[in-house]
Amino acid sequence: MAYLKLYRDKLRDNYNYLDKLFKKNGIKWGITTKLLCGHEPYLKEVADLGVKEMHDSRISNLEKIKNIDPETLTIYIKPPPKDIIESVVRYADVSLNTELSTLHALSEEAERQDKIHKVIVMIEMGDLREGVVREDLIDFYEKIFKLPNVEVIGLGTNLNCMHGVMPDEDKLIQLSLYKQILELRFDVDIPLVSGGTTVTIPLVLKNRLPKGVNHFRVGEALFFGKNLFTGGTISGMHEGVFELYTQIIEISEKPKVPSGELGVNPQGQKYDIDEEDYGETSYRAILDIGYLDIDPEHLINVHDDIKVADASSDMLVLDVGDNSNDYEVGDFIRFRLKYMGALGIMNSDYIDKIVE
């Protein structure tokens with residue numbers, strides 16, 4: 001057995017920290033909930049924080065958010081696939097866009113539903129994920145700003161998520177300048193510059209965020225308190241909003257070196273033997289979790305007396321050294337999680353999710 005625990009008080013503390021920070025700097029923001037994989041009890045915990053704007057990359061999750069609170073502003077945070085345009089207009093108040101044909105489809109569907117669908121145009125600023133190439137932006141905007149039932153409310157960019165390109169003042173000033181250029185050229189008002197995610201928060205803390213950037217899409221900082229510039233935790237925030245507990249199903253003393261001819265395991269790995277381990281033994285605890293649920297690289301071990309030895313598809317092996325008296329079958333071992341680890345656990349139907 002294994003379960004994921006969300007600590008409500010830590011989540012609220014992190015939310016209050018971010019909300020105070022953004023209000024102080026005149027920044028609108030919303031919570032990116034894709035990590036929660038549509039798990040409704042956790043979505044309700046987020047909604048209960050008082051936030052009125054939530055973002056997700058799965059339209060089924062935005063539908064759940066609307067069912068929880070129809071007044072929540074929902075943003076679909078990637079260019080919409082054409083096959084789900086009807087649902088995007090129905091459940092997302094705003095979507096991030098980069099393609100003319102998609103925007104025409106959104107316009108037509110919004111007319112059918114008698115809605116105004118709001119749009120943030122994403123601009124490519126170096127990370128090479130989604131975004132209109134900067135040289136094409138004016139021509140792109142000219143073709144969309146008069147589309148019926150579509151309203152461009154902002155420009156945005158995504159940094160760090162693909163190639164690790166970090167935000168800096170120059171890139172974000174450029175983003176703000178594109179807004180000014182479009183407003184002057186087309187005599188329009190574009191209220192939002194959505195240039196902020198978790199990776200941009202350190203610029204706010206150092207008073208280095210360009211004034212034009214006024215909208216943030218935040219997930220990782222809320223759930224992990226993460227400073228992506230340093231790899232540490234933002235001072236005043238909690239890193240342990242989520243913790244994983246998994247049960248020991250076997251513990252026994254075994255050799256440190258496997259016996260027999262070694263081949264490639266199902267993970268495509270071949271075990272390297274440390275010759276100093278020949279003849280040595282240690283106590284090994286097997287946990288009820290494996291690659292099916294999480295890559296061990298995404299676990300954060302909080303115990304000084306154990307280390308992760310290896311894993312298979314549905315079991316994780318710990319080396320507990322000579323500390324066998326401290327553990328027994330049925331005990332739960334606690335881990336903290338990296339972002340991608342929590343994402344895998346949240347997406348697993350085999351792991352219970354609870355709130356404390």
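Bear in mind that the values here come from a model prediction, so they are computed numbers and not experimental data. Values below: all heavy atoms of this structure, side chains included; hydrogens, waters and symmetry mates excluded.
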Q: Report the C-alpha distance between F22 and I201 in whole Å, list the side-chain angles of each, state the deciding distance to 0.1 Å, and finish with yes or no for side chain to side chain contact (heavy atoms under 4.5 Å, CB included).
A: CA-CA 9 Å; F22 291 135; I201 291 174; 4.2 Å; yes
Q. In chain order, what residues pass the side chain to side chain contact (heavy atoms under 4.5 Å, CB included) check against K10, with sequence neighbours excluded?
A. Y7, H238, V241, R336
Q: Without swapping roles, check the side chain of K66 against the backbone of T72 for a donor-acceptor pair under 3.5 Å.
A: yes
Q. So, K5 side chain and Y3 main chain: donor-acceptor pair closer than 3.5 Å or not?
A. no
Q: Could you grab the distance from atom CD1 of I294 to atom OG1 of T246, nearest 0.5 Å is fine?
A: 10.0 Å
Q. Are the side chains of F335 and V308 in touch, meaning some heavy atoms are under 4.5 Å apart?
A. yes
Identify all side-chain donor-acceptor contacts of residues 97-104 below 3.5 Å with residues at least two apart in sequence or on another chain.
{"unit_1": "N97", "atom_1": "ND2", "unit_2": "S95", "atom_2": "O", "d": "3.2"}
{"unit_1": "N97", "atom_1": "ND2", "unit_2": "S95", "atom_2": "OG", "d": "2.7"}
{"unit_1": "S101", "atom_1": "OG", "unit_2": "K82", "atom_2": "NZ", "d": "3.0"}

Q | Derivation of the side chain to side chain contact (heavy atoms under 4.5 Å, CB included) call for H303 and R334 | A | CA-CA 8 Å; H303 303 274; R334 176 173 64 96; 4.1 Å; yes
Q) Under a single-linkage definition using a 4.5 Å side-chain heavy-atom cutoff for Ile, Leu, Val, Met, Phe, Trp and Tyr, are V46 and L18 assigned to the same hydrophobic cluster? A) yes
Q: Spell out, as yes or no, whether a donor-acceptor pair under 3.5 Å connects the side chain of Y350 to the backbone of I345.
A: no
Q: Give a yes or no on whether the backbone of K115 and the side-chain of N149 come within a donor-acceptor separation of less than 3.5 Å.
A: yes
Q | For N301 against I306, the heavy-atom pair lying closest together | A | ND2-O, 2.8 Å
Q. Does R8 pair with E45 as a salt bridge, N-O distance under 4.0 Å?
A. yes
**Q.** Which atom of G38 lies closest to which atom of K64, heavy atoms considered
**A.** O-NZ, 3.0 Å
Q) Are any non-hydrogen side-chain atoms of L337 and L4 less than 4.5 angstrom apart? A) yes
Q. Name the one of I123, T200, L159 that satisfies side-chain contact (heavy atoms from CB on, under 4.5 Å) with K171?
A. L159
Q. Sub-3.5 Å donor-acceptor pair from the side chain of K226 to the main-chain atoms of G231, do we have one?
A. yes
Q. Is V199 isolated, or which residues cluster with it under the ILVMFWY side-chain rule of less than 4.5 Å, directly or via members?
A. M166, L228, F229
**Q.** For the student: nearest non-hydrogen atoms of Y76 and A92, plus distance
**A.** CB-CB, 3.9 Å
(Q) Given 3.5 Å as the limit, does a donor-acceptor pair link the side chain of N214 with the main chain of P191, or not? (A) yes
Q: Look at K256 together with E280 and state whether they make a salt bridge at an N to O cut-off of under 4.0 Å.
A: no
Q.
I want to check something: taking the side chain as every heavy atom from C-beta on, are L36 and F223 in contact at a cut-off of under 4.5 Å?
A. yes
Q.
Under 4.5 Å side-chain heavy-atom separation, chaining through any Ile, Leu, Val, Met, Phe, Trp or Tyr, what else clusters with V317? Say none if it is isolated.
A. I249, I286, M315
Q) Can you tell me if D69 uses its side chain to pair, donor with acceptor, with the backbone of I65 under 3.5 Å? A) no
Pairs of donor and acceptor atoms involving the side chains of residues 133-140, under 3.5 Å and at least two apart or interchain, shall be tabulated with distances.
{"unit_1": "R134", "atom_1": "NE", "unit_2": "E124", "atom_2": "O", "d": "3.1"}
{"unit_1": "R134", "atom_1": "NH1", "unit_2": "Q174", "atom_2": "OE1", "d": "3.0"}
{"unit_1": "D139", "atom_1": "OD2", "unit_2": "K143", "atom_2": "NZ", "d": "3.1"}

Q. Does CG in D322 sit with more than 12 non-hydrogen atoms of other residues, nucleotides or ligands closer than 6.0 Å?
A. no
Q) Which heavy atom in A2 sits nearest to a heavy atom in I289, and how many Å separate them? A) CB-CD1, 4.3 Å
Q. Are D93 and T74 linked by a side-chain donor-acceptor pair shorter than 3.5 Å?
A. yes
(Q) Clusters formed by hydrophobic residues whose side-chain heavy atoms approach within less than 4.5 Å: which one holds I173, and what are its other members? (A) L177
Q.
Quick one, I77 and D56 - any side-chain contact, counting heavy atoms below 4.5 Å?
A. no
Q. Between the side chain of N14 and the main-chain N/O of L11, is any donor-acceptor distance below 3.5 Å?
A. no
Q) Within the side chain of N323, is there an N or O that forms a donor-acceptor pair under 3.5 Å with the backbone of D326? A) no
Q.
If you compare all heavy atoms of V213 against all heavy atoms of I27, which two are closest, and at what distance to 0.1 Å?
A. O-CG1, 4.2 Å
Q: Assess the side chains of Y327 and D305: does a donor N or O sit below 3.5 Å from an acceptor N or O?
A: yes
Q: Could you check L182 against V121 for side chain to side chain contact (heavy atoms under 4.5 Å, CB included), going step by step and ending with a plain yes or no?
A: CA-CA 12 Å; L182 293 178; V121 175; over 6 Å; no
(Q) With heavy-atom distances below 4.5 Å as the criterion, would you say the side chains of E130 and N158 are in contact? (A) yes
Q. How close do P296 and Y291 get, heavy atom to heavy atom, and via which atoms?
A. CD-CE2, 3.4 Å
Q. Can you find a pair of side-chain heavy atoms, one from L35 and one from F224, that are under 4.5 Å apart?
A. yes
**Q.** Y42 and F242, any side-chain heavy atoms less than 4.5 Å apart
**A.** yes
Q) So if you build clusters from Ile, Leu, Val, Met, Phe, Trp, Tyr with side-chain heavy-atom gaps below 4.5 Å, do I251 and Y245 land together? A) no
Q) Are the side chain of D127 and the backbone N or O of M162 linked by a donor-acceptor pair below 3.5 Å? A) yes
Q.
Can you tell me which residue among Q180, K179, R185 is in a side-chain hydrogen bond (donor to acceptor under 3.5 Å, both in side chains) with E183?
A. K179
Q | Working for side chain to side chain contact (heavy atoms under 4.5 Å, CB included), residues D314 and S312 | A | CA-CA 6 Å; D314 53 6; S312 63; 4.0 Å; yes
Q | L318 vs I333 side-chain heavy atoms within contact, under 4.5 Å | A | yes
Q) Among the clusters formed by ILVMFWY side chains lying less than 4.5 Å apart, do L287 and I351 turn up in the same one? A) yes
